[in-house]
Amino acid sequence: MSKTTSLFAHLKSDFAAGLVVFLVALPLCLGIALASGAPLFSGIISGVVGGIVVAAISNSPLSVSGPAAGLTAIVFAAIHDLGSLPLFFAAVVIAGILQVILGYLKAGTLSNYFPNNVIEGMLAGIGVIIFLKQLPHAFGYDPDFEGDEAFLQNDGQNTLSELWALHQHIEPGALWITLLSLVILLAWPKIKAVQKIPFVPPALIAVLMGILLNSYWNNIHHPWALQMDHLVQLPVPDSFDAWKKTFIFPDFTQLSHPKLWMIAVTITVVASIETLLCIEAADRMDTEKRFTNTNLELKAQGVGNIVSGLLGGLPMTSVVVRTSANQAAGAKTKMAAIIHGLLLLLCAVTIPHLLNWIPKATLAAVLLLVGYKLANPKMFLHFYHRGKFQYIPFVATFIGVVFTDLLKGVALGLLINVLFIIWGNMKRAYVFRAADYQPGDIIHIDLAQEVSFLNKTSIKTTLRQLPEGAHVVIDASQTVYIAHDVQDLIKEFRDVIAPSRAIKLKLIGFKEHYDIENFEDQNFVTIEQRYNVLRRRMEPVIKKKES
């Protein structure tokens with residue numbers, strides 16, 4: 001199957017997912033632009049470019065790119081320091097060029113050093129943030145901009161204090177629209193009669209019902225009718241000349257400006273780190289366990305920022321909120337992200353006034369469900385049962401993301417993981433005896449006493465380079481500790497990759513607490529090998545009896 005064919009192989013589910021992400025992304029693009037001190041259309045331009053250009057180049061099946069909340073403070077300060085929007089957009093272009101260079105330097109491999117407990121803690125934290133931040137919008141209290149992910153808000157409140165003040169600002173109309181939307185989102189997929197209707201996701205029905213109900217209230221002058229502050233507010237140019245003025249082009253005549261290059265480097269570093277974190281999270285969410293080429297992703301983001309800067313758009317990253325909404329809506333390929341970008345472009349150009357009828361309460365309902373799915377309480381129990389070395393970094397990352405921001409939370413989780421590794425006196429991870437192998441020979445991979453998440457990259461590379469049809473033995477009989485990241489990697493290799501490549505795999509010495517069942521392959525393991533394994537396992541028992 002060609003790449004073009006594969007993109008259209010799941011068009012029904014991808015179109016539905018792309019439509020949902022479009023509805024979610026529209027107010028986020030506007031809100032982030034507003035918070036950044038940039039024109040509202042700069043956010044739309046970034047969303048369109050992230051959806052069409054970045055997704056077309058990237059090989060991530062789920063990731064969705066656009067303006068990022070993590071860059072709002074940087075963008076706001078940069079525009080103020082440079083004193084010129086055209087000069088700021090020149091910095092965005094330079095940042096894109098630097099990202100492309102990072103891609104060619106293979107800086108994307110840094111994502112392999114993000115441990116799973118940190119990624120999962122980040123996702124759970126983002127889920128709680130989405131849920132808490134959308135509650136005010138669900139009740140009709142909209143002073144904070146859509147897309148804010150920081151604990152400390154621009155309106156002087158914080159995430160928790162805003163919830164405390166919520167009871168004084170409840171809009172009954174918004175609350176009823178939220179409840180109606182939640183009923184539709186939860187019940188629509190369970191109605192068999194409508195499941196066969198193509199390209200009609202529940203989110204679209206919820207949006208249409210929200211528009212109709214609010215329009216009815218407006219027509220009868222009902223006190224519950226929602227006014228402009230509680231609706232999407234997309235700029236509507238009244239003429240072609242006004243439309244042309246929405247594009248602000250970069251100024252390259254001041255490349256010697258002392259702050260220009262520092263701002264470009266800052267955008268490059270922060271945008272690249274957030275992108276790699278999101279890509280690692282997207283791969284974790286992918287039920288088909290596909291791997292994203294992170295070096296290609298950096299190149300794609302770089303090209304996207306170059307195009308966005310040239311058109312007067314905000315800098316972009318791969319964004320967890322949109323990516324998780326994409327996955328929750330059933331996306332199968334990157335066509336969903338491309339469709340979301342095309343819908344942003346088409347609707348912003350042709351029907352901006354119609355989009356301004358959408359209640360924010362309906363979109364809040366969509367995001368409330370996305371947030372709940374990301375912060376599923378079962379994940380906390382999952383890491384609790386894995387032991388303190390997994391649970392503590394997971395919880396620390398979660399708390400850090402919720403009460404500071406994404407990058408600080410992830411940094412805290414990484415720091416604690418590293419401290420645990422130093423504490424455990426990390427040793428060499430494994431021995432791979434690859435010399436003079438011939439087809440049909442057995443490949444032995446012997447794990448050392450301690451295997452941490454820092455060894456994930458080398459083990460992943462080794463497993464990927466194993467020839468098809470090989471006979472492989474992974475021996476952990478001398479191993480005391482294996483990081484759960486590596487366990488997950490070996491389990492994934494055993495269950496998915498090895499069968500697909502006809503690799504005959506034998507796992508030896510994986511104790512029960514490693515959560516990896518031992519393979520019993522009578523045709524592959526010799527009697528001598530089986531005897532040696534049993535002898536090693538019985539040695540502690542024999543020594544105990546002798547003593």
Side-chain angles (χ1 to χ4, degrees), residues 18-19 21-56 64-68 71-72 75-76 78-79 82-93 95-96 142 145-147 204 207-208 211 215 227-253 303-316 319 322 337-360 363:
L19 184 57
V21 180
F22 155 69
L23 294 172
V24 169
L26 178 62
L28 297 183
C29 290
L30 298 173
I32 291 170
L34 180 66
S36 300
L40 294 182
F41 253 100
S42 293
I44 297 296
I45 291 169
S46 180
V48 170
V49 174
I52 299 175
V53 177
V54 175
V64 182
S65 298
L71 291 173
T72 52
V75 172
F76 185 87
I79 294 174
L82 293 173
S84 165
L85 279 171
L87 194 56
F88 168 73
F89 293 132
V92 176
V93 174
D142 302 301
F145 70 91
E146 277 282 7
L204 178 60
V207 166
L208 293 176
I211 291 173
S215 297
Q227 302 306 316
M228 185 179 297
D229 289 346
H230 306 296
L231 307 176
V232 171
Q233 297 181 46
L234 183 65
V236 182
D238 54 5
S239 66
F240 182 71
D241 288 337
W243 173 254
K244 288 193 299 183
K245 291 179 181 178
T246 60
F247 294 92
I248 303 174
F249 301 106
D251 176 14
F252 295 109
T253 62
V303 173
N305 277 318
I306 292 171
V307 175
S308 182
L310 289 173
L311 296 176
L314 294 176
M316 71 187 68
V319 187
R322 273 161 262 197
I338 295 174
I339 289 171
H340 124 272
L342 291 172
L343 288 174
L344 271 177
L345 174 62
L346 179 65
C347 294
V349 171
T350 59
I351 54 169
H353 57 288
L354 296 180
L355 297 179
N356 289 342
W357 293 355
I358 300 176
K360 291 181 181 178
L363 304 178

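Hydrogens, waters and symmetry mates are skipped; everything else that's a heavy atom, side chains included, is used.
Using a 4.5 Å heavy-atom threshold, the side chains of Leu26 and Leu363 count as separate. Taking the side chain as every heavy atom from C-beta outward, Ile351 and Trp357 never approach each other to under 4.5 Å. Using a 4.5 Å heavy-atom threshold, the side chains of Val319 and Pro67 count as separate. Here the side chains of Ile339 and Leu19 are not in contact, with every heavy-atom distance at 4.5 Å or above. Within the 4.5 Å cutoff, the side chain of Asn356 has no heavy atoms near those of the Leu231 side chain. Within the 4.5 Å cutoff, side-chain heavy atoms of Leu345 are placed close to those of Val48.
Closest heavy-atom contact between Val49 and Gly304: CG1-O, 3.4 Å. For the pair Pro250 and Gly309, the tightest heavy-atom approach, listed with the atom from each and the gap, is CD-O, 3.5 Å. A pairwise comparison of heavy atoms in Phe76 and Ala35 identifies CD1-O, 3.7 Å as the closest pair. Here the shortest heavy-atom pairing between Val64 and Ala337 reads CG2-CB, 4.1 Å. Nearest heavy atom pair, residue Arg322 against residue Gly66, reads NH1-CA, 3.6 Å. Between Leu40 and Gln233, the closest heavy-atom pair is CD1-O, 3.8 Å.
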Go through it in stages, so that I can follow the logic: the residues are Asp229 and Asp142, the test is side-chain contact (heavy atoms from CB on, under 4.5 Å), and I'd like the CA-CA distance, side-chain angles, deciding distance and then a yes or no. CA-CA 7 Å; Asp229 289 346; Asp142 302 301; 5.8 Å; no
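Ile248 meets the side-chain contact (heavy atoms from CB on, under 4.5 Å) test with Pro39, Leu85, Pro86, Phe89; sequence neighbours excluded. Checked against side chain to side chain donor-acceptor pair (under 3.5 Å), Thr350 has no partners two or more places apart in sequence or in another chain.
Asn305 contributes no side-chain N or O that, together with a main-chain N or O of Val92, makes up a donor-acceptor pair within less than 3.5 Å. No side-chain donor-acceptor contact under 3.5 Å links Thr72 to the backbone of Ser36. Side-chain atoms of Ser46 never come within 3.5 Å of backbone atoms of Gly43 as a donor-acceptor pair (strictly under, hydrogens ignored). Under the 3.5 Å distance criterion, the side-chain polar atoms of Ser308 are left unmatched by any main-chain donor or acceptor of Pro315.
Going from atom CG of Leu344 over to atom CG of Leu234 covers 9.0 Å, rounded to the nearest 0.5 Å. Once rounded to the nearest 0.5 Å, the distance linking CG of Leu23 with CG of Leu28 reads 11.0 Å. A distance of 10.5 Å separates CG of Leu208 from OG of Ser215, quoted to the nearest 0.5 Å. The distance from the CD1 atom of Ile45 to the CG atom of Leu311 is 6.0 Å, given to the nearest 0.5 Å. The structure places CG of Leu354 at 8.0 Å from CD1 of Ile211, a figure rounded to the nearest 0.5 Å. With values rounded to the nearest 0.5 angstrom, Leu71 atom CG is found 10.5 Å from Met316 atom CE.
Between Phe247 and Phe249, the two ring planes are parallel [angle under 30°; tilted spans 30° to 60°].
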